Amino acid sequence: MLDKIDRKLLGLLQRDSSLSLNALAEAVNLTSTPCWKRLKRLEDDGYIVGKVALLNGEKLGLGLTVIVMIKTQQHSSEWYEQFVSFVKEMPEVLTFYRMAGEYDYLMHVEVIDMKSYDRFYKRMVNGIPGLIDVTSNFAMEKIKYTTALPIPESAV
């Protein structure tokens with residue numbers, strides 16, 4: 001079970017995994033030894049899944065992955081800025097793309113369960129005027145996940 005200090009440490013590491021132990025300890029009002037022990041436990045328990053401080057969504061209770069595709073008839077700069085601002089404030093949205101093709105926007109959403117997604121969906125459709133089609137696709141299995149970019153031979 002994660003407590004407030006654990007969650008704050010994870011949040012800090014997601015923003016900047018290069019923070020020193022002293023900086024982390026100071027940010028959560030601990031001395032360095034208890035802070036280091038907490039970080040070690042978070043790594044041992046699988047909450048931090050890489051040296052870049054990626055968090056394991058399943059350990060955090062995020063069991064439902066949703067790909068949301070959106071069509072709109074709104075394309076003004078003002079509407080776009082409001083839409084982007086609204087979506088950026090939704091922590092469930094991990095990635096958000098403006099698309100070419102049949103759909104205008106695509107979102108990768110992570111939530112606890114279907115009930116959580118329903119709350120997210122209602123908040124989105126009630127908060128964003130002008131959506132004409134919102135299609136949700138639910139992932140059954142995560143087959144590949146990485147944040148590592150391929151490095152072309154020409155870059156070596």
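FYI, side chains are in, hydrogens and waters are out, and symmetry mates aren't considered; it's all heavy atoms of this structure. As the structure is a prediction and not an experimental result, all values here were calculated from the model.
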query = Around atom CZ of R123, are there more than 12 heavy atoms of other residues, nucleotides or ligands at under 6.0 Å?
reply =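 Result for CZ/R123: enclosed.
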Distance check, rounded to the nearest 0.5 Å: [X] atom [atom1] versus [Y] atom [atom2]?
{"X": "L42", "Y": "L13", "atom1": "CG", "atom2": "CG", "result": "8.5 Å"}
{"X": "E92", "Y": "M124", "atom1": "CD", "atom2": "CE", "result": "10.5 Å"}
{"X": "L24", "Y": "L30", "atom1": "CG", "atom2": "CG", "result": "10.0 Å"}

Are the side chains of [Y] and [X] in contact, using a 4.5 Å heavy-atom criterion?
{"X": "V68", "Y": "L106", "answer": "no"}
{"X": "Y47", "Y": "L9", "answer": "no"}
{"X": "L12", "Y": "L19", "answer": "yes"}
{"X": "M69", "Y": "M107", "answer": "no"}
{"X": "L10", "Y": "L55", "answer": "yes"}
{"X": "V66", "Y": "Y121", "answer": "no"}

Kindly work out whether a path of hydrophobic side-chain contacts (I/L/V/M/F/W/Y, heavy atoms less than 4.5 Å apart) joins [X] to [Y].
{"X": "Y97", "Y": "W79", "answer": "no"}
{"X": "L62", "Y": "L94", "answer": "no"}
{"X": "W36", "Y": "I5", "answer": "yes"}

What heavy-atom pair brings [X] and [Y] nearest, and what distance separates the two atoms?
{"X": "V28", "Y": "C35", "answer": "CG2-SG, 4.5 Å"}
{"X": "R7", "Y": "L2", "answer": "NH1-O, 2.8 Å"}
{"X": "G46", "Y": "N56", "answer": "O-CB, 3.2 Å"}

message = For the residue pair E110 / H108, report whether a side-chain donor-acceptor contact shorter than 3.5 Å exists.
response = yes
Any side-chain donor near an acceptor of the partner, D16 and S18, under 3.5 Å = yes
ask   = Hey, are E58 and K142 close enough for a salt bridge, meaning a charged N less than 4.0 Å from a carboxylate O?
value =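 Judged by the 4.0 Å cut-off on N to carboxylate O distance, E58 and K142 do not form a salt bridge.
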query = Which of these, E81, Q82, Q74, sits in a side chain to side chain contact (heavy atoms under 4.5 Å, CB included) with E78?
reply =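 That would be Q82.
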task = Would you confirm whether the ring centroid of F96 sits within less than 6.0 angstrom of the ring centroid of Y105?
result = yes
query = Can you check side-chain contact (heavy atoms from CB on, under 4.5 Å) on F120 and M90, steps first, answer last?
reply = CA-CA 8 Å; F120 166 85; M90 302 178 89; 3.2 Å; yes
Kindly list each side-chain donor-acceptor pair under 3.5 angstrom involving residues 127-139, sequence neighbours excluded, with atom names and distances?
| from | atom 1 | to | atom 2 | distance (Å) |
| --- | --- | --- | --- | --- |
| D133 | OD1 | T135 | OG1 | 3.2 |
| T135 | OG1 | Y103 | OH | 3.4 |
| S136 | OG | Y117 | OH | 2.4 |

ask   = Would you say D118's side chain and M114's backbone share a donor-acceptor pair under 3.5 angstrom?
value = no
task = Could you please spell out the steps behind the side-chain contact (heavy atoms from CB on, under 4.5 Å) verdict for L64 and V109?
result = CA-CA 8 Å; L64 185 61; V109 175; over 6 Å; no
request  = Would you mind telling me which of R38, K8, R41 makes a salt bridge (Lys or Arg N to Asp or Glu O under 4.0 Å) with D3?
outcome  =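 Between D3 and the candidates, salt bridge (Lys or Arg N to Asp or Glu O under 4.0 Å) is satisfied uniquely by R38.
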Step-by-step side-chain contact (heavy atoms from CB on, under 4.5 Å) determination, L60 to I112 = CA-CA 9 Å; L60 294 170; I112 295 169; over 6 Å; no
task = Could you go through the side-chain contact (heavy atoms from CB on, under 4.5 Å) check for I70 and D104 one step at a time?
result = CA-CA 6 Å; I70 298 169; D104 298 308; 5.8 Å; no
